[in-house]
2 protein chains.
Amino acid sequence: MSIQDAHNISLQCGACPIRHRAVCARCETDELLLLEEIKYYRSFEAGQTVAWAGDKMDFVASVVSGIATLTQTMEDGRTQMVGLLLPSDFVGRPGRETAAYNVTATTDLLMCCFRKRPFEEMMLRTPHVAQRLLEMTLDELDAAREWMLLLGRKTAREKIASLVAIIARRDASLKLRSPQGRMVFDLPLTREAMADYLGLTLETVSRQISALKRDGVIELQGKRHVTIPDFDLLLTEAGDDNDGGYLI
Amino acid sequence: MSIQDAHNISLQCGACPIRHRAVCARCETDELLLLEEIKYYRSFEAGQTVAWAGDKMDFVASVVSGIATLTQTMEDGRTQMVGLLLPSDFVGRPGRETAAYNVTATTDLLMCCFRKRPFEEMMLRTPHVAQRLLEMTLDELDAAREWMLLLGRKTAREKIASLVAIIARRDASLKLRSPQGRMVFDLPLTREAMADYLGLTLETVSRQISALKRDGVIELQGKRHVTIPDFDLLLTEAGDDNDGGYLI
DNA sequence: GCAAAACCTTGACCCAAATCAAAAGCACCC
DNA sequence: GGGTGCTTTTGATTTGGGTCAAGGTTTTGC
């Protein structure tokens, strides 16, 4: 077996009510049954804090439903989001005792948790899980680097278009579709959370969303419900080279 | 053995002429001998490109000496650095065929390379190496998130102070010292590379360096040679909460 | 040792996004 | 039904950093 063949497991237990990504047949009966024994669920209400930076964190977890964010805050209150956790995303670091970031539920949130010690022991016994975790971490690092380009070099308008495209893509992937043409979904973030994601103020976010609406790049029903008439146009506005590399 | 006990190996072979980080005794005789069999060296001149984004990349590597950068470029030429590789840093992704970023030598560079296929096979046989790679990737993700806070929320002055502090810390760690008090080292980057790191223009970098010099936060001999009279003052300018967590 | 090139600094001006301010829309709850 | 307290939108103004331009300094190569 090569690394490329590693099971595309989501690192949630076999019984979790999500199958957002293709899961190979073996995962049902193999490593994930080990996870089964050490799991427990925790739910949080919208706005609740899962952990403060510095808190003891004795579990790792997989998001089952809802949205959570990782944020960093400076002493004077400036806040930057550094992670956005959607269903099937993994949070927590084996080998670290405390949370490095504030983890906040931005919607009602259900997480499938694994006590850290047994999880770490399981990782040592089952290299497939460790390898999958490495793969997921490398994906996250790629996403972080894309995000760095956005923060460092994109205009406010491009930032908003990029964020909408990212959410559209993730939404399509949860529905096992390719992002293409007309797309409909809900923005899972407030204007303030978007601002913290993009390194902008919420006023600028609001203004740029209005501008994209005015220019027909996006349509809005209410504050949250978005229709994208043309995904390629959105990508152009985002400044991304549309290389088709986002197909699921 | 727990995950915390995993060897603090640098993922360079036992024969590489660097020991920048504490390396446990076993690493000399154990997994790294396996690396020994599949390694080869490559050197690059300052300014040379190691790989363009999209190029086939059939090796992973550890930096032995010199500096390399990972950069992303938009179609119109806007450039953002997304990785800075100093000696002992690892580059390349098991399980991916092509480079995702431009990799450029900014000084003369020596890399200790491992052909990807044998390296991947070795990872499957020796979980310690995979675990160490996971640990290093998680560290890199943390660094990327710190970088995101810098890009999204810090002022130009804070960005420069942060970068100088980061380089000072890395330099101290290469010398197996704690960053503290008076420090002397060379900036390994041009003003333009700093600008690409920080999401600024090179003019702003130059202006802010002049300002920090004028205010006594840093001293400069020539363009590159820096003296920091007071590391804590620099950290204050960087907007970091000085929690002492940077000790090696 | 000198010319050319590359790199760096400084100045003047401009603009995108921040800040400050106010009003409008919306959800929740007695 | 109509406060009460959010969140969002929009407007007016300010400002930090970008852009354009010129000149200075260091490095490179013959």
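Every chain is numbered from 1, with letters handed out A, B, ... down the list of sequences.
Across the protein-nucleic acid pair, Arg191(A) atom CZ and dA24(C) atom P stand 19 Å apart, rounded to whole Å. Between Leu187(A) atom CG and dT7(D) atom C1' the separation is 14 Å, expressed in whole Å. One atom, CG of Leu198(B), and another, C1' of dG17(D), lie 13 Å apart when rounded to the nearest Å. For the pair Leu202(B) CG and dC20(D) C1', the interatomic distance rounds to 12 Å; values are reported in whole Å. Rounded to a whole Å, the CD atom of Glu192(B) is 15 Å from the C1' atom of dG18(D). The interatomic distance linking Leu212(B) (CG) with dT10(C) (P) rounds to 13 Å, in whole Å. Per the geometry, NE2 belonging to His225(B) stands 15 Å off P belonging to dT26(D), to the nearest Å. Whole-Å rounding puts the Leu220(B) CG to dT10(C) C1' distance at 16 Å.
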Candidate pair Arg182(A) and Glu219(A), rule salt bridge (Lys or Arg N to Asp or Glu O under 4.0 Å), full reasoning: CA-CA 11 Å; Arg182(A) 193 172 189 81; Glu219(A) 294 160 19; 3.4 Å; yes
Derivation of the salt bridge (Lys or Arg N to Asp or Glu O under 4.0 Å) call for Arg93(A) and Asp142(B): CA-CA 11 Å; Arg93(A) 172 170 177 161; Asp142(B) 281 341; 3.0 Å; yes
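Gln208(A) meets the side-chain contact (heavy atoms from CB on, under 4.5 Å) test with Ala156(A), Arg157(A), Ile160(A), Thr204(A), Ala211(A); sequence neighbours excluded. Under the side-chain contact (heavy atoms from CB on, under 4.5 Å) criterion, Gln72(B) pairs with Glu146(A), Leu149(A), Val82(B), Tyr101(B), not counting sequence neighbours. Applying the side-chain contact (heavy atoms from CB on, under 4.5 Å) rule to Arg78(B) yields the partners Arg153(A), Thr155(A), Glu158(A), Met74(B), Asp76(B); only residues at least two apart in sequence or on another chain are considered. In terms of the side-chain contact (heavy atoms from CB on, under 4.5 Å) criterion, Ser206(B) has no residue partners (sequence neighbours excluded).
Side-chain atoms of Thr227(A) and Gln221(A) form a donor-acceptor pair, as typed in the model, at a separation below 3.5 Å.
Judged purely by atom type and a 3.5 angstrom limit, Lys116(A) uses its side chain to pair as donor or acceptor with the backbone of Arg96(A).
For Ser210(A), the side-chain atoms get nearest to dT10(D) when compared with the rest of dT9(C), dT10(D), dT26(D).
As judged by a 4.0 angstrom heavy-atom cut-off over every strand, Ser206(B) is placed among the base-contacting residues.
Residue-environment remark: CD (Glu192(A)) stays at or below the threshold of 12 foreign heavy atoms within 6.0 Å.
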Distances under 3.5 Å between nitrogen or oxygen atoms of protein and nucleotides 13-20 of chain C:
{"unit_1": "dA17(C)", "atom_1": "OP1", "unit_2": "Ala156(A)", "atom_2": "N", "d": "2.7"}
{"unit_1": "dA18(C)", "atom_1": "OP2", "unit_2": "Thr201(A)", "atom_2": "N", "d": "3.4"}
{"unit_1": "dA18(C)", "atom_1": "OP2", "unit_2": "Thr201(A)", "atom_2": "OG1", "d": "3.1"}
{"unit_1": "dA18(C)", "atom_1": "OP2", "unit_2": "Thr204(A)", "atom_2": "OG1", "d": "2.4"}
{"unit_1": "dT19(C)", "atom_1": "O4", "unit_2": "Arg207(A)", "atom_2": "NH2", "d": "2.8"}
{"unit_1": "dC20(C)", "atom_1": "N4", "unit_2": "Glu203(A)", "atom_2": "OE2", "d": "3.2"}

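Summary of helix geometry: the two end axes of the helix from dG1(C)-dC30(D) to dC30(C)-dG1(D), each defined by five base pairs via their C1' atoms, are inclined to each other by 40° (rounded to 10°).
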